[in-house]
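Here's the structure, in C-alpha cells; my notes come after.
Chain letters run A, B, ... following the sequence lines, proteins first, then strands; residues in each count from 1. As a basis for the values below, the full set of heavy atoms in this structure was taken, side chains included, without hydrogen atoms, waters or symmetry mates. Owing to the predicted nature of the structure, the values given are computational and were not obtained by experimental measurement.
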Amino acid sequence: MESNENTRETNVQSNFIREIIDEDLKAAKNASRVHTRFPPEPNGYLHIGHAKSICLNFGIATDYKGLCNLRFDDTNPSAEDVEYVNSIKEDIKWLGFDWEDREYYASNYFDQLYEYAVKLINKGKAYVDSSSSDEIKNMRGTPTVAGQLSPYRGRSIEENLDIFTKMKAGEFKDGEHVLRSKFDMSSPNMNLRDPIMYRIRHAEHHRTGDKWCIYPMYDWAHGQSDSIEGITHSICTLEFENHRPLYDWYIKELEIFHPQQIEFARLNLNYTVMSKRKLLQLVEDGIVNGWDDPRMPTISGYRRRGYTPESIRSFAEKVGVAKRDNVIDVSLLEFSIREDLNKRSQRVMAVLNPLKITISNYPADKVEMLEAVNNPEDETMGKRLVPFSREIYIEKDDFMEIPAKKFFRLSPGNEVRLRYAYIIKCEEVVKDPSTGEVIELICTYDVETKSGSDKTGKKVKGTLHWVSAKEAIDAEIRLYERLFSEEDPLGDKEKDFKSFINPESLRVLHNSKLEPFLKDAKSGDRFQFERQGYFCVDSIDSTPENLVFNRTVTLRDSWAKIQKNS
RNA sequence: UGGCGGAUCGUCUAAUGGUAGGACUACGCCCUUUGGAGGCGUCUGUAGAGGUUCGACUCCUCUUCCGCCAGCCA
C-alpha cells in the first residue's frame, strides 16, 4: 500500500554528538572520516530504545557521508541465539537502514583478541587469577573501601602464559581461572579494579561452535572491536561512561587505533518497561504473546501493531539526543504515528460495536452505490463506491436514548447525517423486552439530503459512520491500549512491575462489521477506520476468511475528553 | 558519606555572555459532511544561595536533588 516505506527524512536537528563530530572534522581528525556502528547483543529483540540508537548511528553516517557497521556483540554464548540475530537484522532493515556488506561479529575477532591478551600478559599488564568467583567478589572492595590484591597477582609472565594457553586448550573446568588485567585494585572507579578479561565457558557458540571455551568479557571485546573496524565515533549509552577509562587504557597499552567513545542518555517511555530482561519476563510468563505482541515496545511489536518505519524515525528525531536522563511521554510516539498515517492512509468505514438501524421509508430492495473519498489529505488516492440500503449498522456509542450534554449524535427524535449518505431521524427505539437493551432503531431518511446534492440547507451537528447490513463483512478487531496502567511500572519498590499490567491492554471484538472494500485487505495493510482510529491487518493471525485487524492508535477523541471532564 | 555524569515549561529539547524559543501534552476559540485533519491563541520553565559582568541558562563559589558503578552480564 505504501510505496515510500523506506525514504529518509531531511532537516535533522543537531545535537551534542554532531557538534563533537563537526569539531573533529574541522580539525581533520581521523583523516575526516566518520564511521559509526550499531552493536547489539543477540540476546533479545530490539526495542524502541534501540531504534533511537540505530537512527542516531546510521543517521550520522548518512549525513556525514560516512559508514555505519552492524556488529553483533556476541561474547556470551549462554545468552545468545541466531533467532535474535535474524530478528535484529530484519528490524534494522525494516526501519530503513543498510549496513551493506558490513555485518560483523565480535566473535570474528576472537583470535585477534586472544593475541591482544597475550600481548598484555607479556607486558605484565594481565594475569591469571585462580580465585573463585566469590573470592574475587570479596576482594573487590566497595566504592568507599579499596580492594585487596589477589594472591595470584604476582605470577610470572611465563606462568601466566602457560595457564592462559591451557585455559584456551580446554584443560580446566568453568570457573577455575580467569584472565584479569593488572590495573588498580584501589581505584575509586570499580570498573578499574583488575577487571576480568576472559572467563572459561564450555558452551556452544552460535557462530564459533565449540572452537572456544574461553570467552572475552564485553569490556575486553568492545573497545578493541571498535578499533579493529576503524570506528571513529563509538556512540553508546550513559552507563558505559565509567568504563571509558578502561577502554582507553587497553587501546593505549595495545598501541592500536583509538575510537572516541561518546555517551548519550538512553530512551525511556512512560507506561512501559524498556529492559530486555523485563521484556523477556513478559514473554516467558505469557503475559504477552511473544516479542512481537503489538503491546510490546519492541520494533517487531510496533511493526505488527501498524506503526510505520517513518513514524518511528520521526519520533527518534523528535526526542532528541542529550546526556540527561529522560522519560518520553508515549503521547509523542502516538502523535508521530497519527501524523504519518493521517497523510497516507486509506479511509474506510467500519462499525466496531454494531447497532442495527432500519430506515423505514427506504425501499426494501434498493441498493445505492455512494461515492466516498479515500483520503481527504491526498486527492490522488481517489474515490470508491460504498453500498447503502434500508438496513444498516451504526456504532452503539453513537446512540443515546437520553442524550448527554454536548452529545451531537443520534437520539430519539434527533437528526444526524450518515457519512456520504443521507440525513436520518430516529423515530423509534426497539428494546429487548427482557433486558431493556436497545437492539434496533427505526429511522426515516430525507431523500433530499443526499450527500453532494443536498440543497435543503439542513444543518446537523453530527455525522456518523455506518455500513450496509447485507453487504457488510465480518472481522475480528483487537483493541490495544498501553501495556501498563502506571506511568512508571518500576517506580514502586514494594510491588512487582507485572502487577501493574493494564487489564484493558487488549480487548477483542468479534462482531465488527466492515464495508466490503476491506474484503481484499492484505497482511499489514493500514487503514483509517473513520472516526475510530488507525488499524492494520494482523500479519500473523489474519486470513482472507477470518480477517483480523489491530488498532494501531485511536484518533484524537474530543468527545471522550468532554465526557471525561464532565 | 568514593568515583563519574546530570539538573531549562507537566514531558522532551534549543539558546555556547546579548529578546529563554520549538515540539508533545493540557486548555480555549475558529473551521469542519470524520467531535478526525487543519488554523489561531493561552497556560506553565533556567534547582537554591551568593559572586563576576553594562548584561548570566551560559563563567566562578557553595548548597540541594537525580542517575550510574561492588556480574566470571552487556
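In this structure, the side-chain hydrogen bond (donor to acceptor under 3.5 Å, both in side chains) partners of A:K513, at least two apart in sequence or on a different chain, are A:D474. Residues satisfying the side-chain hydrogen bond (donor to acceptor under 3.5 Å, both in side chains) criterion with A:E263, sequence neighbours excluded, are A:R244, A:Q261. Residues meeting the ring pair (Phe, Tyr, Trp, His ring centres under 6.0 Å) test with A:F172, sequence neighbours left out: A:H177.
Within the 4.0 angstrom heavy-atom criterion, no nucleotide atom of any strand lies near A:P39. Note on A:R140: only backbone sugar-phosphate atoms sit closer than 4.0 angstrom, heavy atoms only; bases stay farther off. Nucleic acid contact for A:F408: base, since at least one base atom lies under 4.0 Å from a heavy atom of the residue. Among the heavy atoms of the strands, none lies under 4.0 Å from A:E263. Note on A:F407: a base of the nucleic acid sits closer than 4.0 angstrom, heavy atoms only. Looking at heavy-atom distances under 4.0 Å, A:R324 makes contact with a base. Nucleic acid contact for A:Y420: base, since at least one base atom lies under 4.0 Å from a heavy atom of the residue. Note on A:L238: nothing from the nucleic acid sits closer than 4.0 angstrom, heavy atoms only. Among the protein residues, A:E530 comes within range of the nucleic acid bases, having at least one heavy atom under 4.0 Å from a base atom. Using a 4.0 Å heavy-atom distance criterion, A:T237 is classed as making no nucleic acid contact. Across all strands shown, A:R277 has no heavy atoms under 4.0 Å from either base or sugar-phosphate atoms. Residue A:V145 is out of contact with every strand shown, counting any heavy-atom pair closer than 4.0 Å. Here A:N242 lies in heavy-atom contact (under 4.0 Å) with a base. No engagement by A:S186 is indicated, since no non-hydrogen atom pair under 4.0 Å with the nucleic acid exists.
B:C31 and B:G41: their C1' atoms are spaced 15 Å apart (whole Å). On the C1' atoms, B:C24 is 15 Å away from B:C43, given to the nearest whole Å. Using atom P as the reference point in both B:G5 and B:C9, the two lie 23 Å apart (nearest Å). Rounded to the nearest Å, the gap between the C1' atom of B:C66 and that of B:C73 is 25 Å. Spacing of C1' atoms, B:A74 relative to B:A7, comes out at 28 Å, to the nearest Å. Remark: the separation of the P atoms in B:U58 and B:G17 is 12 Å, to the nearest Å. B:C72 and B:G67 have their C1' atoms separated by 27 Å, with the value rounded to a whole Å. With C1' as the reference atom, B:U19 and B:C57 are 14 Å apart, rounded to whole Å.
Residue order along RNA chain B, read from the 5' end via each residue's closest nucleotide, puts A:Q528 first among A:F240 and A:Q528. Residues A:S14 and A:Y534 both approach RNA chain B. Their nearest nucleotides, taken by heavy-atom distance, put A:S14 toward the 5′ side.
The minimum heavy-atom distance linking A:A79 with A:Y84 is given by the pair O-CE1, 4.3 Å.
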Applying the Watson-Crick and G-U criteria (both distances under 3.5 angstrom) with [ ] for crossing and | for other-strand pairs, one obtains for RNA chain B .((((((..((((....[..)))).(((((.......)))))....(((((..]....))))))))))).....

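Mapping heavy-atom proximity under 4.0 Å, the span of RNA chain B touched by chain A runs 5' to 3' from B:G2 to B:A74.
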Applying side-chain contact (heavy atoms from CB on, under 4.5 Å), run through A:D398 and A:V416 and close with a yes or a no.
-> CA-CA 10 Å; A:D398 284 339; A:V416 292; over 6 Å; no

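Against the 90° criterion about 0, the sugar-base torsion of B:G51 places it in the anti range.
Geometric assessment of A:R201 against the ring of A:Y215 yields a negative cation-pi assignment under the 6.0 Å and 45° thresholds.
Contact of the A:F38 side chain with the A:H50 side chain is registered, since non-hydrogen atoms from C-beta on lie closer than 4.5 Å. At least one side-chain heavy atom of A:Q281 sits under 4.5 Å from a side-chain heavy atom of A:F497.
With A:W466 as reference, A:F388 is the one residue of A:Y393, A:F388, A:F399 to meet the ring-ring contact (aromatic ring centres under 6.0 Å, His included) rule.
Side-chain contact, A:Y127 with A:D194: a donor N or O sits under 3.5 Å from an acceptor N or O.
Sorted by first then second residue, the salt bridge (Lys or Arg N to Asp or Glu O under 4.0 Å) pairs that include residues 72-82 of chain A, not counting sequence neighbours, number zero.
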